[in-house]
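The model shown is predicted, which means the values in this text are computed figures rather than measured ones.
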Amino acid sequence: MTRNQFVFVCLFLTMLSEVLLSPFYPQYFSEAFGVQGVEMTSIFIICCRLVVIIMTPFWGVILKKWSMRQVVIGSLFMTAVFKVILSESTTFLSFLITSLLLLVFQSSLYLLYPYLVESMEQQEEKAKKTTIYMLVIHTAIIVSSLLGSFVITWEMPLKVYLIFACMDLTLMVILLATKLLSPDAVKKDQPIHIKVKKQPIYFYMIATFFFHLGHNVIRPYFTLFVEDRYEVGNQMNALLYVMPSMMAIIFKLCVPIRVFRGQDTLLLYIVTILSACSLTMQASIDSLGIFIISRIVYGGCFYLSMVVLDIYLFRQFHEAATYYYSWLIAVQNVALLFVPLLALMVSKVSLYVPLLCGAILLVAAIIAITIHNKPVVLYKKVKENEG
């Protein structure tokens, strides 16, 4: 197994185990633990987001002192331990506490992605690894949706975590038995020495916040909106819901890497504006055919913007990319914390309003990234007139 294969297999299994049962938490919490499923699901998600927000930057700092190999070996062992404990959970409280402890260590594994990309010398290789990562993530989402509907029918669904624990231990053994991620194999696996950038990262993070808030605020009530307006069946509704992930896979296979060379900022502007326009169209049209076309356009633009946003960070911050990406993940999870509340507020007006809200937030992201590229000059030093 090569380093690239190890990283992407690890990321795929991590994402798969994290989201496998999540669509069915409300039903499972009610049936297995005898609690209010909808309410406890919200509490569970909020707590999980807070752990990721806190821990991801922490792991970014740890990687300035420890190598990625040391961190991954330790994290894989601890995730395996907590997945075994999770499989035996009999109360909601034990499930919640064990899940939070699991995320403390699992959050470090997502930094394998920026670690891999920043080790690439050529920009084309960086773009290639970024597109593969998007393919892995969206494939994991689709597979988990299909597999989760099967696992939830088991008499004891949590036993699936025993399988994932074995997989984590297998990956750990592979690391111990090989030189994968070792400092000798990759120069970039040395502790990171952060160089201070003259250009601040604040507005990039603000843009990232608006970007993820805009794309995710449409999700909570999307199926209700489609059902209310078009009266389609569950299968068609689900297909429209996962279409962005499907388009991500199609675009990965069809879009050449050279598209991501050079003017990445211009491409980000174009696809994000197209995403906003397609969301506005979805909110305002009554034709199912045009709605499907707009979903296809949105899905393709969503994939391209995700790739370009990541490539932009890797090109801006080079050897410090892993550290800054840990903060990007934290900002993304802060945005996801606000999603349910914002979606609930705007959907009270109408079920199509979250789509319009998403479009506005994407425009705000473009404004923030523009300010990041061309900071506003608040004042200018004027040379005093001598004599």
Side-chain angles (χ1 to χ4, degrees), residues 15 19 22-24 131 134-149 210-256 259-260 267-309 336 339-340 342-344 346-363 365-366:
M15 173 61 73
V19 303
S22 59
F24 308 99
T131 58
M134 296 299 167
L135 174 65
V136 168
I137 292 301
H138 288 288
T139 302
I141 291 173
I142 294 174
V143 171
S144 65
S145 300
L146 298 174
L147 188 59
S149 62
F210 285 133
F211 180 85
H212 287 286
L213 189 61
H215 279 298
N216 286 281
V217 73
I218 70 174
R219 294 177 182 271
Y221 302 101
F222 179 82
T223 54
L224 293 177
F225 164 74
V226 173
E227 182 181 347
D228 179 66
R229 175 168 289 186
Y230 300 108
E231 298 180 353
V232 298
N234 290 336
Q235 290 182 339
M236 185 62 179
N237 205 337
L239 181 63
L240 290 171
Y241 182 82
V242 301
M243 192 168 286
S245 294
M246 296 172 62
M247 291 306 301
I249 295 175
I250 294 172
F251 267 57
K252 167 63 181 82
L253 300 175
C254 298
V255 177
V259 170
F260 304 107
L267 181 59
L268 179 62
Y269 289 158
I270 293 172
V271 296
T272 305
I273 290 172
L274 282 176
S275 295
C277 292
S278 65
L279 288 178
T280 304
M281 183 179 295
Q282 291 171 44
S284 58
I285 61 174
D286 294 320
S287 169
L288 179 59
I290 298 177
F291 183 84
I292 292 173
I293 294 173
S294 67
R295 286 296 288 174
I296 292 173
V297 173
Y298 169 76
C301 291
F302 172 69
Y303 163 76
L304 293 174
S305 58
M306 288 285 288
V307 173
V308 175
L309 198 65
L336 295 178
V339 163
L342 180 60
L344 178 61
V346 299
S347 65
K348 289 181 179 179
V349 180
S350 179
L351 289 174
Y352 71 82
V353 177
L355 294 166
L356 295 177
C357 182
I360 294 170
L361 289 166
L362 292 180
V363 172
I366 287 296

Could you tell me which non-hydrogen atom of [X] sits nearest to which non-hydrogen atom of [Y], and how far apart they are?
X	Y	answer
I366	Y269	CD1-CD2, 3.5 Å
I285	F291	CD1-N, 3.3 Å
G214	I218	O-CG2, 3.9 Å
L344	S347	O-OG, 3.0 Å
A359	T280	CB-OG1, 3.6 Å
S278	S275	OG-O, 2.8 Å

Task: Contacts of type ring-ring contact (aromatic ring centres under 6.0 Å, His included), residue Y303, not counting sequence neighbours - done: none
Task: Partners meeting ring-ring contact (aromatic ring centres under 6.0 Å, His included) with H212 (sequence neighbours left out) - done: none
[atom1] of [X] to [atom2] of [Y]: how many Å apart, nearest 0.5 Å?
X	Y	atom1	atom2	answer
N237	E231	CG	CD	12.0 Å
L240	E227	CG	CD	12.5 Å
L135	L253	CG	CG	6.5 Å
R295	M243	CZ	CE	7.0 Å
L274	L279	CG	CG	11.0 Å
F225	Y241	CZ	OH	14.5 Å

Side chains of [X] and [Y], heavy atoms from C-beta outward: is any pair under 4.5 Å?
X	Y	answer
F210	V363	no
C357	I360	no
L361	L342	yes
S149	F24	yes
I249	M246	no
C277	M281	no
L268	S305	yes
M236	I292	yes

TODO: Sequence neighbours left out, what passes salt bridge (charged side-chain N to carboxylate O under 4.0 Å, His left out) with R219? Give chain and number order.
DONE: none
Open item on the list: Please check if the number of heavy atoms outside Y352 that lie under 6.0 Å from its OH is greater than 12.
Closed with: no
Task: Residues V271, V308; criterion side-chain contact (heavy atoms from CB on, under 4.5 Å); working and verdict - done: CA-CA 10 Å; V271 296; V308 175; 5.5 Å; no
Open item on the list: Check the orientation of H138 and F302. Use parallel for under 30°, tilted for 30 to 60°, and perpendicular for over 60°.
Closed with: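 Rings of H138 and F302: perpendicular, as their planes differ by over 60°.
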- [ ] Decide yes or no on side-chain contact (heavy atoms from CB on, under 4.5 Å) for S22 and V19, but give the supporting numbers first.
- [x] CA-CA 5 Å; S22 59; V19 303; 3.8 Å; yes
Task: Pair H215 + Y298: ring centers closer than 6.0 Å - done: yes
